[in-house]
Q: 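Just dropping this structure here.
Each chain gets a letter, A, B and so on, in the order its sequence line appears, and its residues count up from 1. Reckoned from all heavy atoms, side chains included, excluding hydrogens, waters and symmetry mates.
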2 protein chains.
Amino acid sequence: MPSRKVSGEGAPPKAEGGVDAVDRALAILSAFASHDGQMSLAQISEATGLYKSTVLRIAASLERGGFLSRQENKLYRLGPQLFRLGLLYQRSFKIEDMVRPVLRRLVETTGESASFFVRQGEVRLCLFREESQHAVRDHVMEGATLTLDRGAAGHVLVGYDSRAVVSEELRSRMARLPIVSIGERSAEVAAVAVPVYRRGAGGVELAGALTVSGPRTRIADTETIRQIGAALLEQGRLLSRQLGADEAWRL
Amino acid sequence: MPSRKVSGEGAPPKAEGGVDAVDRALAILSAFASHDGQMSLAQISEATGLYKSTVLRIAASLERGGFLSRQENKLYRLGPQLFRLGLLYQRSFKIEDMVRPVLRRLVETTGESASFFVRQGEVRLCLFREESQHAVRDHVMEGATLTLDRGAAGHVLVGYDSRAVVSEELRSRMARLPIVSIGERSAEVAAVAVPVYRRGAGGVELAGALTVSGPRTRIADTETIRQIGAALLEQGRLLSRQLGADEAWRL
DNA sequence: TACTTAAGTTCTGTCTAGCAGAACGTGATT
DNA sequence: AATCACGTTCTGCTAGACAGAACTTAAGTA
């Protein structure tokens, strides 16, 4: 059973500042991430640790706001407002128009899926992706979050971030581009990645990582990797230039 | 100045049930829709009518949940969690895999942009869209909401919805497919649309509207419209079949 | 350099609105 | 019939959200 802000005891994280009711509302929304799209009142209650009556009340507000909707069968679903605002978020990066064509070109010339990742706290977020035409391919969706410590794109986001503390091992691995990873994030997947820069508030900064990935059965050999790497370097340079980072190719 | 739940007086809408704090939080998020992605504390306060101190407190929760983020320059932006949940919403329709290829085929054969609209309360929502290659084209983004009473797709969503009350005028206009609109939503745009059905909980129901649209300079003549209409009818039928609505082509 | 205006932030006493939890209704499943 | 699980309604208590003033920067303006 849940308890209200326990001020004395084992002091559970005890979020500083903020509004309890809002935290709960967001917890309800976030619970849907692991229950693919549909949840009953009881499920929500269980997943969040909130009383059913509490969920009911908060859900009324969420529903009114269009962040949640309820079907006749009583199941809750996420609401259209999330969709609208989510796309607004994606577009607020204002780089979609530049990234998409680059990804398409990469898919075209390499035949494999291409993605653009940005760092988001301690994970990396797939902001854009274009799928290869191959029937068998690795699967990452736009919006998915992956760990920062595995996979070529993850290494790039840490190793080429001027603000990050980089381990000696990673630093040496970052010595030359492109970065290659085979079977790291997933045993059957290989990936090649390069950094992308942009002109930011305080000069040139890391914008994200451009990556091409696919099953290692198609990508593992050095010649294929060389070709993919060449395409990535070219497109990455192009994209960085479009983002106003002319000469920042090297850290 | 804002006031708390006014129980007596002029009784402003007076939302039934729900949680005030959550309503406010959602109002803050929704305010971003009209201020393209970035807002200062003062702007939020003004747009929502909430005190700055209140916004600050609620924003702390939103930020913690990843629904909002704050930059060094103090401006708030929407957060990545919205992006994730938004895409989850889109995918919860589970029809993306079927709709995308259909849209691509339409763009390929007609040369114009193709979209899939669903009804969302009293507006229509662009759930998926594939852009034409033409430099000059009409502009509708995925996630955008348009009025229900204008444009071919809007008519379809009302006229072919078995639950909707349909005016005599609209009914006669719906007599034969496809539906065509020229210069309705926007003076320079022409569109052609057909309904898409699916097997739902209580039998076959309207799933959405499939539409092809572009500048009327390219679409207005009857021959072009005939061709687009033929492609739409074919793809719409195909899509409906994929969604389990075999013989429901006519209302 | 001093004055003005506006933005962001911190603090606190008051009071209300959100909460827990019990109680109830309803429909499946056994 | 009996049990179970789910959704919903209701209520008294009090913790926690709120308004608003006060303070701190920061950027104009003259």
Q: Please report the distance, rounded to the nearest Å, between CD1 in A:Ile44 and C1' in D:dG7.
A: 12 Å

Q: Using side-chain contact (heavy atoms from CB on, under 4.5 Å) as the criterion, list what pairs up with B:Ala207, not counting sequence neighbours.
A: B:Val196, B:Arg198, B:Leu243

Q: Could I get the full list of salt bridge (charged side-chain N to carboxylate O under 4.0 Å, His left out) partners for A:Glu142, not counting sequence neighbours?
A: A:Arg100

Q: Under the salt bridge (charged side-chain N to carboxylate O under 4.0 Å, His left out) test, which residues partner A:Arg150, sequence neighbours left out?
A: none

Q: Could I get the full list of side chain to side chain donor-acceptor pair (under 3.5 Å) partners for A:Gln38, not counting sequence neighbours?
A: A:Gln71

Q: How far apart are the closest heavy atoms of B:Phe116 and B:Gly208, and which atoms are they?
A: CZ-CA, 3.8 Å

Q: Going 5' to 3' along nucleotides 25-30 of chain C, which nucleotides have protein heavy atoms under 4.0 Å from the base (write B), which only from the sugar-phosphate (write S), and which from neither (write -)?
A: ------

Q: Looking at the side chain of B:Val19, which of D:dA17, C:dC19, D:dC18 is the nearest nucleotide?
A: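 Among D:dA17, C:dC19, D:dC18, the one nearest the side chain of B:Val19 is C:dC19.
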
Q: Of all residues at least two apart in sequence or in a different chain, which pass the salt bridge (charged side-chain N to carboxylate O under 4.0 Å, His left out) check with A:Arg129?
A: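 With neighbours one apart ignored, the set is A:Glu131, A:Asp138.
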
Q: Can you measure A:Leu50 atom CG to C:dG18 atom P for me and round it to whole angstrom units?
A: 15 Å

Q: For the pair made of CZ in B:Arg24 and C1' in C:dT16, what is the distance, rounded to whole Å?
A: 11 Å

Q: Expressed as a whole number of angstroms, how long is the span from A:Leu62:CG to C:dG18:P?
A: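 Distance check: A:Leu62 CG to C:dG18 P gives 13 Å.
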
Q: Go through the structure and list residues passing side chain to side chain donor-acceptor pair (under 3.5 Å) with B:Ser53, not counting sequence neighbours.
A: none

Q: Output one letter per nucleotide in nucleotides 3-9 of chain C: B when a protein non-hydrogen atom lies under 4.0 Å from the base, S when only the sugar-phosphate is that close, - when neither is.
A: ----SBB

Q: A:Ile58 has an atom CD1; how far is it from atom P of C:dA20, in whole Å?
A: 9 Å

Q: Nearest whole Å is fine: how far is C:dG18 P from A:Ile28 CD1?
A: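 Taking CD1 of A:Ile28 and P of C:dG18, I get 14 Å after rounding.
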
Q: Are any of B:Arg57's side-chain N or O atoms less than 4.0 Å away from OP1 or OP2 of D:dA19?
A: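 Result: no.
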
Q: Please check if any side-chain donor atom of A:Gln81 sits under 3.5 Å from a side-chain acceptor atom of B:Ser30, or the reverse.
A: yes

Q: Measure CG/B:Asp20 against P/C:dC19 and give the value in whole Å, please.
A: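 Answer to the nearest Å: 11 Å.
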
Q: Who passes salt bridge (charged side-chain N to carboxylate O under 4.0 Å, His left out) against B:Arg77, sequence neighbours left out?
A: none

